[in-house]
Every structure is written in C-alpha cells, then in structure tokens.
Amino acid sequence: MVNNMHFLVSSTALLKHLQSISGVLSTNNSLPILDNFLFEINDGELTISASDLETTMKTSMNVDAKDAGKIAVPAKQILEMLKTFPEQPLNFQVNTDNFSIEISSDNGKYSMVGQNGDEFPRTVQVTDANNIRVSSDIIAKAINKTLFATGNDDLRPVMSGVFCQFSPDDIVFVATDAHKLVRYRRTDSESTGSSSFILPKKPLNLLKSNLKGDEEVMVEYNESNAVFKFNDIVMTCRLIDGKYPNYEAVIPKENPNVLTVDRISLLNSIKRVSIFANKTTHQVRLKMAGSELKISAEDLDFSNEANERLTCSYAGEDMEIGFNSRFLMEMLNNIDTSEVKIEMSEPNRAGIILPANPENENEDILMLVMPVMLNR
C-alpha cells in the first residue's frame, strides 16, 4: 500500500510563509535534515517549520487537503522554485514511503525527493513558563535601538545578546559590548512578575524582520528557552546562559557638563571629520567652550587632519574629550529626536547620549559611550 499525502496551495501564499521563517536556515548545519522545511498537515492546516537546533520557527496556513502526514522538503530548492511562479494553485503529491514529492502547476510537473519528516528535530517544549504580552511595536523598536550595541566576543557570550528585564513597572532592554551601552526602557508595558533573560542575536534579527504593525506578541519563557507567538508565527529559541553584567553600575550618575546640539548637524560633521581620523582608533575629538563645539580628527601617520565647528548650547566647564567616531555615528543614527544631549563629567569617563526632547513620555532611551584617550 502506497501512502500518499496530497494538498493544494496558493504559490504566492506558500512562498510568503516560507520566506517569513527561512531566516532560521543555516548554511553550515550539523544535521543534513536541517537543510529542509518540515511540512506537516493536519485537519486542512499546513504547519511549516525551520530550525538550526538553537532556534525554531513555525508558521501555519490553511490548505486544501484531506490527508494528514509530514515530509521534509529541500528548502533551497522549493524557495527558488516558488520565486519563479506567478500566483496560481500548486498541487503537491507526496509519497510518504519513498519521500518523493511531485508538484503540478498550470505549466507542468516538477519532482524532487524529500526526507522522512519524523527525523526532523522536535521543538523544545517550554514548561513552567512565565509569560508576558507586549505590543510588537515595542519589541521591534527595542530591538532596533539595542541590537547594534551587542558584542561579538565569543569569550563573553552574555554580551552577544540583548538583556530583557520585565517588572510590574516597566520593561527594559539592554545591550553592551563594554565600549558602548544602550538601555531602552518602556513604562507603558508591564508584566505580572519580575524576571529577566538574555536573547541571542539571531532570534532578535528574526523578530526584527517579522514584526509588522502593532499586533500583540505573547512571550513565554523559562530558565533556558523563550517562545514568541504572533500572527501565524511561533518562534522558540534557546536563551544565552549566564549572568548579565551589572549595567546600572557602569552608568555615571553625576554628569555636570551637558552639550545640546542638532543631531543631524553633529552626525554629518562627524561623518566628514572621521574620514581624516586614524584608521585603527577612529578617534574624533570634541572640544566644548561656551556656545561653540569644535570637532576634529587627525591621522599623524598620513598627515591627515580635519576641523569643524558647530553652534551648540553647552552648560558646564570647558572640556575636551575623544570618542570612537563609529560608535557616535551608530548612536546618533538610532535616536529619533532633532536634538541630542551629551552629558559628560571627565575626559576619561563615559559620555551619555540622550534624545533632547523625546516625544513619547513612556519611552526612555539612554546610550553610553566610553571615551578614547586623547593623544596629546
């Protein structure tokens, strides 16, 4: 007896669902089965999974099917094929004995061989989970504002992710690589209890590309895994194990010297001046005196030098401080207000960058950047 599984599906709808989870697919999988999508059919619903063992994404869609069953479908092949079709129904015939897949379209027939769906790794069940509901808008914004500040150091894995902290008063997202730090806080979202976890970069990027609009995201998590459910997507990911550094201790509390300046003017000035900076330190120098800000950079090895001046409002003692221009540009690019405030205490202590007149009172964003020692 031949076991057949047969279903009818829209080519563009299937492509859209596959693309939404295809970001999980890894190019160097330890298990060959992970180069496939898992197709599972039950009660006229097709559930598609993709996994790299650490992170699994699933999406569901309605199809015209009478049978139930599962098959692993070669991911690259089916994605490439679907991209070439205009909208039309595709008829899938799957033989679950020899895993052959035959697809019929308006134009013709295509055959490929899949793998046994039972060999696809099972998704981790998150037991004893806490949960919180957050608007996708808030999560997407928090990821956008923090992701750039995460570290890449394999020796300190905790700093390669984003620290998420939930409490009855607020939710806080923090990222740092020891040179820069971003703390993004929302007071218009709260959880029932207090807890925290560290999310790795890959799931963060996957969330970032899939969260649209302002639907609600259900987050469930325990010690080792987190699950995000929104729209027709379920993403399960392993959390980074370890204790996040005490970030509050790094943020200097007393910063009497405050510079307020037009964000775009400062950003463009640093972009131009940094071209002349030393290629290893990327150092730009800010010199504040009265209502004038001087921005300069030099590369002594090549006799390169650039100087610019901007009007600003500055309260505090005249001072000179050096920063890595790339960090400053990233931070200025990730703030939305027209003006920014830079708060400083000493040339050898961290500077804090804040939006000058934030529009949303429920949002609090703080960016910290370590100075670069000025060479006299």
Side-chain angles (χ1 to χ4, degrees), residues 14-40 46-61 70-84 99 101 112-126 139-140 143-144 146-164 175 177 197-212 217 219-222 224-242:
L14 180 58
L15 177 60
K16 196 171 147 253
H17 278 79
L18 292 179
Q19 283 174 327
S20 69
I21 63 171
S22 64
V24 181
L25 297 165
S26 172
T27 42
N28 46 0
N29 281 317
S30 47
L31 299 172
I33 188 94
L34 296 176
D35 296 330
N36 295 266
F37 288 115
L38 177 65
F39 281 36
E40 292 177 275
L46 169 63
T47 303
I48 308 159
S49 312
S51 176
D52 67 357
L53 290 184
E54 299 279 316
T55 306
T56 301
M57 276 182 102
K58 291 186 177 199
T59 177
S60 304
M61 61 188 294
K70 55 169 86 165
I71 178 87
V73 182
K76 195 163 174 250
Q77 208 172 353
I78 187 129
L79 280 170
E80 283 179 3
M81 173 189 162
L82 288 170
K83 282 177 193 163
T84 64
F99 314 119
I101 303 162
M112 56 170 104
V113 178
Q115 290 187 44
N116 185 347
D118 291 329
E119 288 173 11
F120 200 86
R122 298 237 161 122
T123 309
V124 177
Q125 295 305 311
V126 177
I139 293 190
I143 294 171
N144 278 320
T146 52
L147 196 57
F148 76 91
T150 52
N152 287 318
D153 185 352
D154 293 340
L155 298 174
R156 288 190 284 187
V158 292
M159 285 159 85
S160 70
V162 169
F163 180 64
C164 309
D177 64 357
F197 54 77
I198 308 169
L199 269 179
K201 263 198 195 63
K202 185 168 178 178
L204 287 164
N205 276 311
L206 292 166
L207 282 171
K208 186 173 144 177
S209 54
N210 275 293
L211 290 170
K212 307 277 186 286
V217 180
V219 189
E220 299 175 356
Y221 53 94
N222 59 15
S224 46
N225 293 280
V227 184
F228 293 80
K229 297 178 182 173
F230 55 97
N231 285 345
D232 47 29
I233 289 180
V234 178
M235 182 180 86
T236 308
C237 64
R238 188 176 300 169
L239 299 170
I240 295 177
D241 190 25

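FYI, side chains are in, hydrogens and waters are out, and symmetry mates aren't considered; it's all heavy atoms of this structure.
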- Item | Closest non-hydrogen atom pair, Val24 against Ala50 | CG1-O, 3.8 Å
- Message: With no hydrogens and no angle check, just 3.5 Å: does a side-chain donor-acceptor pair link Ser160 and Lys201?
- Response: no
- For Phe148, what residues pass the side chain to side chain contact (heavy atoms under 4.5 Å, CB included) criterion, not counting sequence neighbours? Lys180, Val182, Glu330, Met331, Asn334, Met367
- Taking every heavy atom of Val113 against every heavy atom of Pro74, the minimum-distance pair comes out as O-CG, 3.5 Å
- For atom CG of Asp241, decide whether the heavy atoms of other residues, nucleotides or ligands shown that lie under 6.0 angstrom number more than 12. no
- Residue set satisfying side chain to side chain contact (heavy atoms under 4.5 Å, CB included) with Ser49, at least two apart, ordered chain then number -> Leu38, Glu40, Lys58, Phe120
- Item | Interatomic spacing from CD in Glu54 to CG in Leu239 - rounded to 0.5 Å | 10.5 Å
- Query: Any side-chain heavy-atom pair from Lys83 and Leu15 closer than 4.5 angstrom?
  - Reply: yes
- Take Val234 and Phe228, measure what side-chain contact (heavy atoms from CB on, under 4.5 Å) needs, and give me the verdict at the end. CA-CA 6 Å; Val234 178; Phe228 293 80; over 6 Å; no
- Query: Hey, does Leu18 have a side-chain heavy atom less than 4.5 Å from the side chain of Ser20?
  - Reply: no
- Message: Can you tell me which residue among Leu204, Leu199, Leu207 is in a side chain to side chain contact (heavy atoms under 4.5 Å, CB included) with Leu147?
- Response: Leu204
- Message: Taking side chain to side chain contact (heavy atoms under 4.5 Å, CB included) as the criterion, tell me which of Val162, Thr236, Ile143, Thr55 meets it with Pro203.
- Response: Thr55
- I would like to know whether Lys229 and Met235 meet side-chain contact (heavy atoms from CB on, under 4.5 Å); could you show each step before the answer? CA-CA 7 Å; Lys229 297 178 182 173; Met235 182 180 86; over 6 Å; no
- Any pair with a residue in residues 202-211 that passes side chain to side chain donor-acceptor pair (under 3.5 Å), sequence neighbours left out, goes on the list, sorted by first then second residue, please. Asp52-Lys202
- Task: Hey, could you give me the CG/CG distance between Leu211 and Asn231, rounded to the nearest 0.5 Å?
- Result: 8.5 Å
- Considering non-hydrogen atoms only, spot the tightest contact between Ser51 and Leu34 and give its length. O-CD2, 3.6 Å
- Query: Considering all heavy atoms of both residues, which atom of Ala175 and which atom of Thr150 are nearest to each other, and what is their separation?
  - Reply: CB-CG2, 3.8 Å
- Message: Working to the nearest 0.5 angstrom, can you tell me the gap between Gln77 CD and Met112 CE?
- Response: 4.5 Å
- Item | Worked check of side-chain contact (heavy atoms from CB on, under 4.5 Å) between Val73 and Ile71 | CA-CA 6 Å; Val73 182; Ile71 178 87; 4.0 Å; yes
- Message: Run the ring-ring contact (aromatic ring centres under 6.0 Å, His included) test against Tyr221 and tell me which residues pass, sequence neighbours left out.
- Response: Phe166, Phe197
- Taking every non-hydrogen atom, the tightest pair across Ser60 and Thr47: OG-OG1, 3.5 Å
- Message: Can you confirm whether Ile33 sits close enough to Pro121 that some side-chain heavy atom of one is under 4.5 Å from a side-chain heavy atom of the other?
- Response: yes
- Note on the structure: Across all chains, not counting sequence neighbours, the side chain to side chain contact (heavy atoms under 4.5 Å, CB included) partners of Asn222 are Val126, Thr127, Ser224, Asn225
- Would you say Lys76 has more than 12 foreign heavy atoms packed within less than 6.0 Å of its NZ? no
- Item | Steps toward side-chain contact (heavy atoms from CB on, under 4.5 Å) verdict (Asn29, Leu53) | CA-CA 9 Å; Asn29 281 317; Leu53 290 184; over 6 Å; no
- CG-CG distance between Asp153 and Asp177, expressed to the nearest 0.5 angstrom: 9.5 Å
- Task: Output the distance between atom CG (Leu14) and atom CD (Gln19), rounded to the nearest 0.5 Å.
- Result: 10.0 Å
- Interatomic spacing from CD in Gln115 to CZ in Phe99 - rounded to 0.5 Å: 8.5 Å
- Task: For Ala75, enumerate each residue passing the side chain to side chain contact (heavy atoms under 4.5 Å, CB included) test, keeping only those at least two apart in sequence or located in another chain.
- Result: Leu25, Phe37
